[in-house]
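Take a look at the structure set out below.
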There are 2 protein chains.
Amino acid sequence: SMNPDLASERQTASFSVEKLTALLDGGAERTRMRRAVDKAIERDPVFNRENEYFQSQNERYEAAVRKAVRLQEMMHEMGWDENGPEFKYLYRAVAGDIVFLLHRVFMRSILVLGSDQQIAKWIPLAKQYQLIGSYAQTELGHGTYLQGLETTAVFDVTTQEFILNTPKVSAMKWWPGDMGRSATHSVVFAQLYVQGTCYGVHPFIVQIRSLQDHSLCPGVTAGDIGPKMNFEYLDNGFLMLQNVRVPRENMLSKFCEVQPDGTYVKSGSQKINYFTMTTVRVSLIADEVITPLMKACTIAIRYSVVRRQSKLKPGEQEAKILDYQTQQEKLLPQLAAAYAFHFINEYLQELYNRSYTEIQRKNFDTLPELHAFSSGFKAMVTQCSTSAVESCLRACGGHGYSSLSGLPSLYTKILASCIYEGENTILFLQTARFLFKCFMAARSGQSVPPSVAYLAAVKPGKCPAKKKFDFLSPDIYIEAYQHMAARLVSSTAAKLQDLIQSGVKKHDAWNQCTVQLVQAAKAHCHYITVKNFAETVAKLETQAGIQKIMKHLCDLFALHGIFSNAGAFLHDGYISGAQMDMVTASYLDLLPLIRKDAVPLVDAFDFTDKNLNSALGSYDGQVYQRLYEWAQKSPTNKQMSPAYEKYLKPLLHNRLSKL
Amino acid sequence: SMNPDLASERQTASFSVEKLTALLDGGAERTRMRRAVDKAIERDPVFNRENEYFQSQNERYEAAVRKAVRLQEMMHEMGWDENGPEFKYLYRAVAGDIVFLLHRVFMRSILVLGSDQQIAKWIPLAKQYQLIGSYAQTELGHGTYLQGLETTAVFDVTTQEFILNTPKVSAMKWWPGDMGRSATHSVVFAQLYVQGTCYGVHPFIVQIRSLQDHSLCPGVTAGDIGPKMNFEYLDNGFLMLQNVRVPRENMLSKFCEVQPDGTYVKSGSQKINYFTMTTVRVSLIADEVITPLMKACTIAIRYSVVRRQSKLKPGEQEAKILDYQTQQEKLLPQLAAAYAFHFINEYLQELYNRSYTEIQRKNFDTLPELHAFSSGFKAMVTQCSTSAVESCLRACGGHGYSSLSGLPSLYTKILASCIYEGENTILFLQTARFLFKCFMAARSGQSVPPSVAYLAAVKPGKCPAKKKFDFLSPDIYIEAYQHMAARLVSSTAAKLQDLIQSGVKKHDAWNQCTVQLVQAAKAHCHYITVKNFAETVAKLETQAGIQKIMKHLCDLFALHGIFSNAGAFLHDGYISGAQMDMVTASYLDLLPLIRKDAVPLVDAFDFTDKNLNSALGSYDGQVYQRLYEWAQKSPTNKQMSPAYEKYLKPLLHNRLSKL
């Protein structure tokens, strides 16, 4: 039965939930397809996640392998293809615990870095799972800084082989997924040596386990890196190589080759490598970041209208906790961020697609902008979403801390996205370097991409807002963000140049500006996100109900950003103290307004109960009943602990000294 | 062997690490005693934590019971007493996984709330572990708001018993520690009914399990609430009661009693109840919050001088990551916070002790201030420390995310401290209510406690600093914090009164100010912490080396707070934009200065390797070797997964369709 406190929230929706869902999906047809995929997955008991919160690392790995294998079979049955339209919904439907993602990275790296012969040889084997691939780049001692990798591959001209070695502990491959227990092959990155000369890091296909019995190949030491904060199902692995020989043909050679006589030959542009990293970064944002954030919002907001605690007014019934201003402030800005990030991700996808088209025409001009943008956005979106999920978890009090709420696993998983595929600080600094270059170029009259053209026109000024309602005008707040971002870029650029002119060496000067460069990069990304949200809202004129609530969310996202980062806007007086009070007033006024539609706004994300897998977040709001039912299934309730006979009984029976 | 990169950090310490350790411990004699306790615990294999990261919830519970029982035995052997000086070091030495903490809360609640007869009956039984107690207050449906509890206790005058019931699912006790699997008895809070009249929430001693065979007593349903984000070792439990009868004497009756004829009699002041909650809050800060923060700093900072990544200058060796400004900015403010919180905790302890003395003289005057302070401080310290530990974890990149780093468990544990013993937002609002009252009193000329006297003198003004060095003067920054806190309190008070005068009902008006009231309470706590740190530093004049580095840390703590909360200081122009640039410059200048002493500063926390239990944080810095050794012990490496025979082998051998 439906909890009446949750049911009543749905009766007053100011817009059509179904239409908003279709908007998020990109059309009603896609919604239909997504739901069909959800149904197919949820019908199959292999994909059941009922026991997920109770399983050990070993059990989860086994279940994840089972799911991955079953998924292959099912795709076959259903006629779904990896490049087909259903595929993107499968990962969302399975909701996490599944292996072979690195197998796909293995394939992609061969497709991008391999020669035509290499593609013809390896891709069919991989596609038919006659081997299982992994991708071994990161080492114990080196992550983002690829040049520092220490694994070696020495060309032996007499046998026409490369000899791969792990010369020291820190050179051991560490973290690659699917490698600890599953993979038979891996793309391994190593420093290439030919006749004593080092040519830098190159990729090699290396077999690591027997195709017959899965035993490790001679010279190979490999295993699982052990427990992590999340990803229990994934066999992140280690790999040590001792004089492992692979034929000359196993170096991926689209861009460079070692010829039989040992001659090293380069061919083509390596710029495409950047594009590969960008592809991964762009593709992970929706599934690994925005979806978990939307789930966390769904759980926390539904719970917050079911939970009643304390009284707002004496004599009344206890209030729904979402009626408290502080609870609204914990959750509604996160909800607004989920929408903001959904829309900026669409923007990024478009930028990516345009860039991809250009690259296929051998035009690499858009690559620096795409690289800088995708880096900064990845960093901003992962960081903000991680804090947002933490806020959702904490907003549910003790019950949010129970694994059964689903929030701890969402949090520990999204946290990893701040670290993998480029550490966020380094990514922000790449964006900052791009902004700095564009700023200098723009200042000297050169042309720059349109998204950074605003950097050319940094000038002092004052925000024209006169009353709090003015801050509900996108022109006003977009201008404020733009001014703030431009000021941070220009003032940091000035500091950098001052330092260099005063005799500090360039690299030291850069290091001394990095804290502020990161701030500037964040400000730029925040500005673009606000601007894009407002532009998206403006385009919704045919859907009045949806446009209205999206406008509120856009305003909330923008004003929350100003409110919680007030210093950056007040610093040069662009916004005055009195205006900041208006921002605060408008911001706080928006909270109860959006609160009315909070449940419909999360319903529109359209997660099934099985997909959420949360005792707090189910559609029917039967929170307490479900917590109790699920807890009873815990292995901690399956039997009396041996601790009783061994320790508690002797203690209670006063045989303390005899223990 | 010692990692040379870590060894070199210790050779240049600007102060005596041993003397700083003694200062933190409160004297060299206490350091000696603490180390003796560490040694005794670490010598005993029962307390070994080697496998902790690999164990299931069931295994950890069993180990924690074993440790608790062994600890009782050991205290007996060593002649240690619960009230003796060694006891406070035992919990730190055991480092977490141990049960019976709620057994102690059970005893304390009887000592505080029980009559002399009740104390005489129950305390000896509990002390000798002839029963195991728990403390059942929180229910599925109610946490901080005690008045809302739904468990009932109805007095039956004919049998002279109370009949306890759980009338609905949401009334089930949920979360009490030691209750899921260990406890035989519990103090249960329930709404007291006598002859149809409800007298509110009262505590009752209820037996829940047999003393003979540990089976549940008639009418009792109890068990474990299942997996949580941390505290796997603890049997947080649920409890449902169906017509469970306890004798009249089992209602704890120091302050109120039901007489045989059903007459309800109150006696004495109930204010002491506040004091109990305060005692728990004050006592948890050191062990559950500051110690984990110090550990996280130790791990992250040691790792950051061992890890080398990328180059600061071309042609040079790769740089220690702690030499990057951004890494310093992630870690050194957290280190400064660890010291700041250690010192403010000492201040709080003193305030508590003074208050305790007064209360024993039946003077309750200091109670409101103590309650308001301890609430706000608990909230501030837990919140800041949680973010700080997250920052440490993320600063270690991928390796920080491995459980073997120790950081995930420190984070997930400290996060709980934001939720338990009073949800932080509610605690901040209690502080805010006190500040608001004091502000109104001070404004109307009444006397207020000295710590809030500054609220009387809110006036516009400007910070007198003229150059960046001025911001290294405690007078300058303390004044800035004071001004900022007073402004937030007074402006929120003004908003509240405006709303009420404009006709908004008092409770609505309060709700509409809560976001800003929380800000004001935080600002007050931050101000007091900065002030106390500066005063502590001033008193260190006999220890020049230590005073100097503590002064740097105090400056860093203060300036980091202004830098990252700039809006609050810029808002009314007290600090100008130009002055904020000086703050930023001084703040950033402090980073490389403190970085030189970073390792000695964490060494001074004096954690043994076993206590840290971190592959990244050990004293010798052998990070990569240890990660590899520990990973090999993981159960994921103990045997080939059944997943191979079941799923991978058939897949690889191309029998996909036969699965």
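Throughout, protein chains are lettered first and strands after them, A, B, ... in sequence-line order, and every chain is numbered starting at 1. Just so you know, these numbers use all the heavy atoms, side chains as well, and skip hydrogens, waters and symmetry mates. This structure is a prediction, so every number in the text was calculated from the model and none was measured.
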**OP:** Would you mind checking which part of B:F100 comes under 4.5 Å of any heavy atom in chain A, side chain (CB onward), backbone (N, CA, C, O), both or neither?
**Re:** side chain
Original post:
B:V518 versus chain A, heavy atoms under 4.5 Å apart: side chain, backbone, both or neither?
Top reply: side chain
Subject >> Contacting region of B:Y628 [heavy-atom separation from chain A under 4.5 Å] >> reply: both
**OP:** Examine whether an atom of A:F569 lies under 4.5 Å from a heavy atom of chain B, and if so say whether it belongs to the side chain, the backbone or both; otherwise answer neither.
**Re:** neither
**OP:** Taking the side chain as every heavy atom from C-beta outward, state whether B:K638 and A:N58 have any atom pair closer than 4.5 Å.
**Re:** no
Original post:
Contact part of B:L588 toward chain A, heavy-atom cut-off under 4.5 Å: side chain, backbone, both or neither?
Top reply: side chain
**OP:** Give a yes or no on whether the backbone of B:Y647 and the side-chain of A:R66 come within a donor-acceptor separation of less than 3.5 Å.
**Re:** no
Original post:
Do side-chain atoms of B:D224 reach the backbone of A:N637 as a donor and acceptor pair under 3.5 angstrom?
Top reply: no
**OP:** Please look at B:S634 and chain A and tell me whether the side chain, the backbone, both or neither of the residue comes under 4.5 angstrom of a heavy atom of that chain.
**Re:** side chain
Original post:
What part of A:Y53 lies closer than 4.5 angstrom to a heavy atom of chain B: side chain, backbone, both or neither?
Top reply: both
Original post:
Going by heavy atoms in the side chains, are B:V65 and A:L651 under 4.5 Å from each other?
Top reply: no
Subject >> Pair B:H653, A:Q130: side-chain N/O donor-acceptor within cut-off below 3.5 Å >> reply: no
Subject >> Distance-only side-chain donor-acceptor flag, A:Q325 / B:T514, under 3.5 Å >> reply: yes
Original post:
So, are A:D508 and B:K313 salt-bridged, with charged N and O less than 4.0 Å apart?
Top reply: yes
Subject >> Backbone N/O of A:D323 and side chain of B:N511: donor-acceptor pair under 3.5 Å >> reply: yes
Original post:
Side chain, backbone, both or neither: which part of A:Q212 has an atom under 4.5 Å from a heavy atom of chain B?
Top reply: both
Original post:
Checking A:H507 side chain against B:L312 main chain: does a donor-acceptor pair fall under 3.5 Å?
Top reply: no
Subject >> Any donor-acceptor N or O pair under 3.5 Å, side chains A:Q57, B:T636 >> reply: no
Subject >> Ionic contact status for A:R394 with B:E423, cut-off 4.0 Å >> reply: no
Original post:
Do A:L429 and B:Y324 touch side chain to side chain, with heavy atoms closer than 4.5 Å?
Top reply: no
**OP:** Answer whether the closest heavy-atom distance between the side chains of B:M229 and A:Y411 falls below 4.5 Å.
**Re:** yes
Original post:
So, the side chain of B:Q309 versus the backbone of A:G143: is there a donor-acceptor pair under 3.5 Å, distance only?
Top reply: yes
